[in-house]
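Counting convention: from 1, in listed order, for ligands and their atoms alike. In this chain, numbering begins with 1 at the start of the sequence shown.
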Amino acid sequence: MIIRKSPAEIEKMAAAGVVHTKAMKLAESKIREGVTTLEIDQAVEKLIRSHGGEPSFKGYHGFTGSICASPNSMVVHGIPGPYRLERGDILSVDIGVTLDGWVADGAVTFPVGPITPIARKLLEVTRQALFDAAEQCRPGNRLGDVSHAVQACVEASGMSVVRSLVGHGIGRDMHEAPQIPNYGQPGRGPKLEPGMVLAVEPMVNAGGHQVRLASDEWSIFSKDGSLAAHFEFTIAVTADGPRILTPWHEVIDAGAAPVPVS
Ligand code: MG
């Protein structure tokens, strides 16, 4: 069953989202050559707690980090640790914030200094796929419209959506129904209704769609070693259309296409 939230509950999730955006902006400010992913994790945790929140991921099924930090060919679920960022890396930062019992979840893949053209394209495509999917999160549409929007954007670019990992409903729990695949048929699946809140999260490999689980039992890599990116919003379906509750895009331009010079 998909739990629908009242307008007052959506405001509480938006409040968690405000802290989430601050946390993501802080993560961006820390990202540079030589910094460890644990240092970013610790700074983010401190910020979340200073706002009265809790990092949702910490302790989740024994996860030790406050963020997931996934560089290069790692798709998601990287454990923060001693890895030092290198110039030319890309780094997915996924943050969950629990505030007053409600969860906000979102991710951004950042460049570390100048990156290759293929990496830049991967970030742009994955971010655009998220925006295309967000646009579909409105009453009367079906979940398949959201999934299909991701797939269409990604496959038009010749890249691959990861099929074995999905987005999810979100609310008091980080993971609620429904599962939200990043591929699917338009017009299929549950009808979207006001009050549903969805964590939509395209996960994209520059190469093939297959992934592998690392020996730490958390980190997931592209199977072929190709670069991978991940962007995520928590989105409320409202009568007025999609409302992004983790609006990091208002302050972060990682993955945004450069404005053409005329
Ligand atoms: Mg998520």
Side-chain angles (χ1 to χ4, degrees), residues 2-3 5 10 13-14 16-17 19-21 23-24 27 41 44-45 48 53-70 74-80 91-99 101-110 126-127 129-134 136-137 143 146-147 149-151 154 161-184 192 196-205 211 213 218-220 228-237 242-249 252 254-255:
I2 304 176
I3 302 169
K5 284 77 183 177
I10 288 174
M13 296 187 73
V19 178
H20 183 280
T21 297
M24 195 61 84
D41 174 90
V44 166
E45 177 171 358
I48 292 171
E54 287 177 31
S56 318
F57 302 166
K58 193 151 202 171
Y60 185 84
H61 294 287
F63 191 76
T64 56
S66 291
I67 67 171
C68 295
S70 309
M74 198 189 291
V75 186
V76 286
H77 302 166
I79 303 168
L91 179 72
S92 160
V93 175
D94 192 351
I95 300 175
V97 172
T98 305
L99 185 70
W102 294 89
V103 186
D105 187 9
V108 175
T109 301
F110 294 97
T126 311
R127 178 175 170 139
L130 174 59
F131 277 76
D132 289 358
Q136 297 296 322
C137 295
L143 196 62
V146 178
S147 299
V150 174
Q151 182 180 17
V154 171
V161 296
V162 172
R163 289 169 173 255
S164 56
L165 297 162
V166 295
H168 49 93
I170 183 168
R172 286 192 182 277
D173 287 319
M174 184 161 63
H175 295 131
E176 297 181 355
Q179 294 195 345
I180 309 172
N182 289 308
Y183 64 97
L192 302 183
M196 292 180 176
V197 184
L198 308 174
V200 177
E201 46 182 323
M203 289 161 266
V204 178
N205 292 343
V211 295
L213 180 65
W218 280 105
S219 312
I220 293 175
H230 174 217
F231 284 84
E232 178 181 22
F233 283 142
T234 293
I235 305 166
V237 178
R243 178 175 171 195
I244 295 168
L245 301 180
T246 51
W248 51 257
H249 62 299
I252 289 170

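- Using a distance-only test at 3.5 Å, with no hydrogens or angles considered, a donor-acceptor pair links the side chain of T109 to the main chain of H230.
- With the Mg ion (ligand 1) as the vertex, OE2 of E201 and NE2 of H168 span 80° to the nearest 10°.
- Within the model, atoms CD1 of I95 and CZ of F57 stand 8.0 Å from one another, a figure rounded to the nearest 0.5 Å.
- Between the Mg ion (ligand 1) and the N, O or S atoms of D105, the shortest distance is to OD2.
- The closest approach of E232 to the Mg ion (ligand 1), by N/O/S atoms, is made by OE2.
- Atoms CZ and CG, on R163 and N205 in that order, are 11.5 Å from each other to the nearest 0.5 Å.
- Nearest approach of D105 to T246, heavy atoms of both residues: O-CG2, 3.8 Å.
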